[in-house]
Asker: 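Encoded as structure tokens, here's the structure I'll be asking about.
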Amino acid sequence: LQPTQQIQPAPSITQPSVVVANPTPANTPATPQVHVSSSEPPTVGQLVSKSHSGGYDEDGINLEEIREFAKDFKIRRLSLGLTQTQVGQALTATEGPAYSQSAICRFEKLDITPKSAQKLKPVLEKWLNEAEMRNQEGQQNLMEFVGGEPSKKRKRRTSFTPQAVEALNTYFEKNALPTGQEITDIAKELNYDREVVRVWFCNRRQTLKNTSKLNVFQIP
DNA sequence: CGTATGCAAATAAGG
DNA sequence: GCCTTATTTGCATAC
């Protein structure tokens, strides 16, 4: 009943503009390259298309093998008539780590780092093999396998309300490094887990720092 | 509806 | 326990 303050499109006021006013540099003049973020690790897709020596990356990960599996995975997933969403959901029910639809999508597109891919591959491989096995026993078995328990491993991502973010930013402007007690108070005031608030400050500091020292020297 | 993706939570690892 | 730095990963939503 209460006219809950719905998602407001951010009131134009409260403009932080603390340290880094708005260093947004005019975009790179002539660099048709892919998103040139400061220092993001290359994805498997990018590396693999550069025809690396033998198809291995600097850490000895077999990029070719991953590319091949990713392609195969998608074909087999589709053969089972499953969506990325279903696979992601099904993975949360297994013993191993869980992944979202986004993760499945990125894996298939190789839009992930070799390290991540290396970690994902065995998980997906194992799951897919079992899914196919179930499918042979009958489609019903497959659907049971896909819709399992939601045993969660990773903490679910918190979504702060725009109001909460605004409040957090206000606190941050006053003090970017609150004490343990202050974090506790803020968490209680905004009604979020203390740990979530603590991490928010950590991430906020990190973002601010990274934003400040924008790529001065870049790609030779 | 399923898939792709931007932004930023959450996590890993070293102090 | 908390910090930083680097990175992984997912929610929300655009395509």
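When reading the values below, keep in mind they use all heavy atoms of this one structure, side chains included, and skip hydrogens, waters and symmetry mates. Quick caveat: nothing in here was measured; it's all calculated off a predicted structure. Just so it is clear: chains get the letters A, B, ... in the order the sequence lines come, proteins before strands, and each one is counted from 1.
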Asker: Under 4.0 Å between any heavy atoms, over every strand shown, what does A:T113 touch: base, sugar-phosphate, or nothing? Just pick one.
Answerer: sugar-phosphate
Asker: Whole Å only: how far is the CG atom of A:N169 from the C1' atom of B:dA8?
Answerer: 12 Å
Asker: Quick one: pull up CD1 in A:I186 and OG1 in A:T170 and give me the separation to the nearest 0.5 Å.
Answerer: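 Spacing of CD1 (A:I186) from OG1 (A:T170) equals 10.5 Å.
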Asker: B:dA9, B:dT5, C:dT5: which one has an atom nearest the side-chain heavy atoms of A:R157?
Answerer: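 Selected nucleotide (nearest to the side chain): B:dA9.
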Asker: Could you state the atom-to-atom distance from CZ of A:F107 to P of C:dT9 in whole Å?
Answerer: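 That distance rounds to 12 Å.
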Asker: Select one nucleotide: of B:dG2, C:dC3, C:dA12, the one nearest the side-chain heavy atoms of A:R198.
Answerer: C:dC3
Asker: From A:D193 CG over to A:R198 CZ, what is the distance, rounded to the nearest 0.5 angstrom?
Answerer: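 Here the interatomic distance stands at 12.0 Å.
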Asker: Measure from the side-chain heavy atoms of A:A103 and tell me the nearest of C:dT5, B:dA10, C:dG10.
Answerer: C:dG10
Asker: Answer yes or no: does a side-chain N or O of A:T158 lie under 4.0 Å from OP1 or OP2 of B:dA10?
Answerer: yes
Asker: Between A:Q181 and A:D185, do the side chains contain a donor N or O and an acceptor N or O under 3.5 Å apart?
Answerer: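 Judged by distance alone, the side chains do pair up.
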Asker: In terms of the nearest nucleotide of DNA chain C, which residue is placed more toward the 5' end: A:N203 or A:I183?
Answerer: A:I183
Asker: Starting from C1' on B:dA8, measure out to CG on A:L208 and report it in whole angstrom.
Answerer: 15 Å
Asker: Given C:dT9, C:dT4, B:dA4, identify the nucleotide with an atom nearest to the side chain of A:L177.
Answerer: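 Among C:dT9, C:dT4, B:dA4, the one nearest the side chain of A:L177 is C:dT4.
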Asker: Output the rounded distance in Å from CD (A:E40) to P (C:dA6).
Answerer: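 Taking atom P of C:dA6 as the reference, CD of A:E40 is at 13 Å.
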Asker: Any N or O donor-acceptor pair linking the side chain of A:D111 to the base of B:dA4 at under 3.5 Å?
Answerer: no
Asker: For residues 60-69 of chain A, tabulate all N or O donor-acceptor pairs below 3.5 Å that involve a side-chain atom, not counting sequence neighbours.
Answerer:
residue: A:N62; atom: OD1; partner: A:E64; partner atom: N; Å: 3.1
residue: A:N62; atom: OD1; partner: A:E65; partner atom: N; Å: 2.9
residue: A:N62; atom: ND2; partner: A:Y56; partner atom: OH; Å: 3.2
residue: A:E64; atom: OE1; partner: A:R67; partner atom: NE; Å: 3.3
residue: A:E64; atom: OE1; partner: A:R67; partner atom: NH2; Å: 2.5
residue: A:E64; atom: OE2; partner: A:R67; partner atom: NE; Å: 3.3
residue: A:E65; atom: OE2; partner: A:K121; partner atom: NZ; Å: 3.4

Asker: So, OP1 or OP2 of B:dA8: does either fall under 4.0 Å of a side-chain N or O from A:W200?
Answerer: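 For A:W200, the contact criterion (side-chain N or O under 4.0 Å from OP1 or OP2 of B:dA8) is not met.
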Asker: Between the base of B:dG6 and the side chain of A:R106, is there any donor-acceptor pair under 3.5 Å?
Answerer: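 Donor-acceptor pair under 3.5 Å: yes.
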Asker: Name the nucleic acid region contacted by A:E108, choosing base, sugar-phosphate or nothing; use a 4.0 angstrom heavy-atom cut-off, strictly under.
Answerer: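 Here A:E108 touches no strand at all.
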Asker: Where the side chain of A:S159 is defined as all heavy atoms beyond and including C-beta, which of B:dA10, C:dC11, C:dT9 is the nearest nucleotide?
Answerer: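 From the listed options, C:dC11 comes nearest.
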Asker: So if I take every side-chain heavy atom of A:C202 and compare against C:dC3, C:dG1, B:dG2, which nucleotide ends up nearest?
Answerer: C:dC3
Asker: How many Å lie between CD1 on A:I61 and C1' on C:dT8, as a whole number?
Answerer: 14 Å
Asker: Identify whether the distance between the nearest side-chain nitrogen and carboxylate oxygen of A:E130 and A:R134 falls below 4.0 Å.
Answerer: yes
Asker: Tell me whether the OP1 or OP2 atom of B:dA4 has a side-chain N or O from A:Q84 closer than 4.0 Å.
Answerer: yes
Asker: Are A:E108 and A:K71 close enough for a salt bridge, meaning some N to O gap below 4.0 Å?
Answerer: no
Asker: Remember a base hit wins even if backbone is also touched, and classify A:S102 as base, sugar-phosphate or nothing at under 4.0 Å, heavy atoms.
Answerer: base
Asker: Identify which nucleotide among C:dT8, C:dT4, B:dA9 has an atom closest to any side-chain atom of A:R205, counting heavy atoms from C-beta outward.
Answerer: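 Nearest to the side-chain atoms of A:R205, counting from C-beta on, is C:dT4.
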Asker: In whole Å, what is the span from the NZ atom of A:K109 to the P atom of B:dA4?
Answerer: 5 Å
Asker: A side-chain contact here means heavy atoms from C-beta on lying under 4.5 Å apart; do A:F172 and A:R205 qualify?
Answerer: yes
Asker: Under 3.5 Å, is there any donor-acceptor pair linking the side chain of A:R156 to the base of B:dA10?
Answerer: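 Per atom types, no contact qualifies.
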Asker: From NZ of A:K74 over to P of B:dT3, roughly how many Å is that when rounded to an integer?
Answerer: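 That distance rounds to 8 Å.
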Asker: Report yes if at least one side-chain N or O of A:K115 is closer than 4.0 Å to OP1 or OP2 of B:dA12; otherwise report no.
Answerer: no
Asker: Choose from C:dT8, C:dT5, B:dT3 the nucleotide whose nearest atom is closest to any side-chain atom of A:R77.
Answerer: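 My answer, after comparing the listed nucleotides, is B:dT3.
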Asker: Expressed as a whole number of angstroms, how long is the span from A:Y99:OH to C:dT9:C1'?
Answerer: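 So the OH-C1' distance, A:Y99 to C:dT9, works out to 9 Å.
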